[in-house]
Amino acid sequence: MKKILLVFAVFAMSFAAYAQIETPAPSPFSKLEQKVGLTDITIEYSRPSVKGRTIFGDLEPYGGIWRTGANKNTIITFSSDVAIAGQDVKAGSYAIFTKLNSAKEWEVVFYSDTENWGAPAKWDDSKVVATAKVEVMQIPFNAETMTIDINNISATGGTIDIIWEKSYVGVPFTVPTDKTVTAAIDKAMAGPSANDYYAAAVYYLETGKDAKKSKEWIDKAMSMIEKPGFWQVRKQSLIYAAAGEKKEAIELAKKSMAAAKEAGNQNYVKQNMDSLKEWGAM
């Protein structure tokens with residue numbers, strides 16, 4: 001019995017040692033990261049090689065759906081909304097599939113379900129977010145290893161290029177750079193927001209900086225807020241107290257306390273009561 005157990009132990013150790021050997025993947029994983037305009041784009045895919053085979057029309061027959069790579073789905077991720085071949089696509093991750101219509105035309109499909117190994121067992125048109133019909137161009141050399149790249153980059157877009165064997169297709173896309181920059185310009189030109197003034201005022205209060213400047217900013221913030229919250233009025237009262245305007249600070253504390261009572265927030269009620277006692281108002 002001991003000899004049998006020993007044999008099994010040796011076998012298990014040998015198997016564990018063997019399992020630790022790493023060998024190259026036939027279709028190695030690749031990850032492309034590219035910024036286009038202000039949009040971050042990531043493509044993750046496995047790269048098969050030709051290896052003397054006829055790929056399109058044989059290994060990948062015309063009329064079929066190709067996973068656009070090998071192994072797990074090829075996945076593309078956009079950090080912002082984009083437009084693919086004129087079709088709006090929300091920020092997020094998508095699987096890329098290719099319908100090999102013929103030697104001259106493919107349809108590159110962006111599919112919302114990324115959890116497939118190869119083409120979906122049951123194709124669902126409702127999961128198609130964009131489709132680009134593209135012309136297949138023959139290249140004058142053999143691209144041994146499949147490549148997906150982003151080229152023709154400008155501030156507003158580029159192309160997703162797929163190259164393998166002697167075939168090339170380019171899928172055009174655009175990114176919302178102008179919309180994003182214009183919105184940022186409009187916001188900056190309009191000046192600081194209420195939140196900006198409020199955050200600056202509170203920072204000055206909590207770090208013991210210029211109390212008068214803090215009061216100026218909190219007043220500006222409050223004038224821009226339609227209905228300030230009791231917690232905001234609480235901060236305003238503390239800033240007024242720090243600026244030496246105790247009478248106004250007391251009135252603001254009372255206002256904050258009343259609003260906190262109405263909201264059922266006993267914590268803020270107590271904080272305001274403590275301040276009113278400290279300032280001699282109770």
Side-chain angles (χ1 to χ4, degrees), residues 27-48 55-56 59-137 139 143 145-165 167-180:
S27 301
F29 174 79
S30 181
K31 183 175 182 179
L32 168 69
E33 295 178 313
Q34 179 65 58
K35 184 178 285 291
V36 179
L38 299 175
T39 301
D40 294 316
I41 302 174
T42 303
I43 302 175
E44 298 174 273
Y45 70 112
S46 293
R47 303 182 62 189
I55 302 300
F56 300 112
L59 181 67
E60 299 293 342
Y62 293 122
I65 298 176
W66 173 41
R67 74 183 75 185
T68 322
N71 303 328
K72 191 181 186 297
N73 290 6
T74 290
I75 298 174
I76 188 166
T77 301
F78 303 104
S79 67
S80 73
D81 296 352
V82 299
I84 298 173
Q87 301 153 78
D88 292 336
V89 174
K90 294 292 185 182
S93 297
Y94 303 94
I96 301 177
F97 296 112
T98 304
K99 294 184 178 181
L100 303 171
N101 294 342
S102 69
K104 295 184 178 180
E105 182 193 83
W106 296 350
E107 289 181 63
V108 181
V109 180
F110 296 80
Y111 200 75
S112 62
D113 182 0
T114 61
E115 296 304 315
N116 295 284
W117 191 277
K122 184 178 180 182
W123 187 264
D124 186 348
D125 283 333
S126 69
K127 295 180 179 179
V128 175
V129 298
T131 301
K133 285 189 176 182
V134 289
E135 178 187 0
V136 182
M137 300 178 65
I139 55 178
T145 303
M146 181 209 159
T147 299
I148 301 179
D149 204 354
I150 296 176
N151 288 306
N152 303 307
I153 297 170
S154 70
T156 57
T159 58
I160 301 165
D161 295 345
I162 302 169
I163 307 166
W164 197 22
E165 198 180 27
S167 297
Y168 160 85
V169 296
V171 179
F173 69 92
T174 56
V175 293
T177 306
D178 183 64
K179 180 180 178 181
T180 303

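No hydrogens, no waters, no symmetry mates; every other heavy atom, side chains included, goes into these values. The shown structure was predicted, so the numbers you read here are calculated from the model rather than taken from an experiment. All residue numbers in this chain count up from 1 along the given sequence.
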Interatomic distance, Asp81 atom CG to Lys90 atom NZ [nearest 0.5 angstrom]: 4.5 Å
Asp124 versus Ser126, closest heavy-atom pair with distance: OD1-OG, 2.6 Å
Residues in side chain to side chain donor-acceptor pair (under 3.5 Å) contact with Ser154, at least two apart in sequence or another chain: Thr156
Distance, nearest 0.5 Å, that separates OG1 of Thr131 from NZ of Lys133: 9.0 Å
Residues which pass ring-ring contact (aromatic ring centres under 6.0 Å, His included) with Trp106, listed by chain and number, not counting sequence neighbours: Phe56
Side chain Ser102, main chain Lys104, donor-acceptor under 3.5 Å: yes
Minimum side-chain heavy-atom gap Ile148-Ile160 below 4.5 Å: yes
Spacing of Thr180 atom OG1 and Asp178 atom CG [to the nearest 0.5 Å]: 8.5 Å
Min side-chain heavy-atom separation Phe110-Ile84 under 4.5 Å: yes
Closest non-hydrogen atom pair between Pro48 and Ser27, with its separation: CA-OG, 3.4 Å
Shortest non-hydrogen separation from Ala95 to Asp113 and the atoms involved: CB-O, 3.7 Å
Show me the donor-acceptor pairs, under 3.5 Å and distance only, between side chains in residues 32-44 and residues at least two apart or in other chains.
| residue | atom | partner | partner atom | Å |
| --- | --- | --- | --- | --- |
| Lys35 | NZ | Asp40 | OD1 | 2.8 |
| Thr39 | OG1 | Ser80 | OG | 2.7 |

Residue pairs fulfilling side-chain hydrogen bond (donor to acceptor under 3.5 Å, both in side chains) with at least one residue in residues 67-77, sequence neighbours excluded: Ser46-Asn71, Thr68-Thr98, Thr77-Ser93
Derivation of the side chain to side chain contact (heavy atoms under 4.5 Å, CB included) call for Phe173 and Ile150: CA-CA 10 Å; Phe173 69 92; Ile150 296 176; 4.0 Å; yes
Donor-acceptor side-chain pairing of Thr147 and Asp149 below 3.5 angstrom: no
Interatomic spacing from NZ in Lys127 to OG1 in Thr114 - rounded to 0.5 Å: 10.0 Å
Side chains of Trp66 and Trp164 in contact at under 4.5 Å (non-hydrogen atoms): yes
Rounded distance [0.5 Å steps], OH in Tyr62 versus CD in Glu105: 12.0 Å
Qualifying ring pair (Phe, Tyr, Trp, His ring centres under 6.0 Å) pairs with a residue from residues 79-101, counting only residues at least two apart or across chains: Phe97-Tyr111, Phe97-Trp123
Partners passing side chain to side chain donor-acceptor pair (under 3.5 Å) against Ser112 (at least two apart in sequence or in another chain): none
Side chains of Tyr45 and Met146 in contact at under 4.5 Å (non-hydrogen atoms): yes
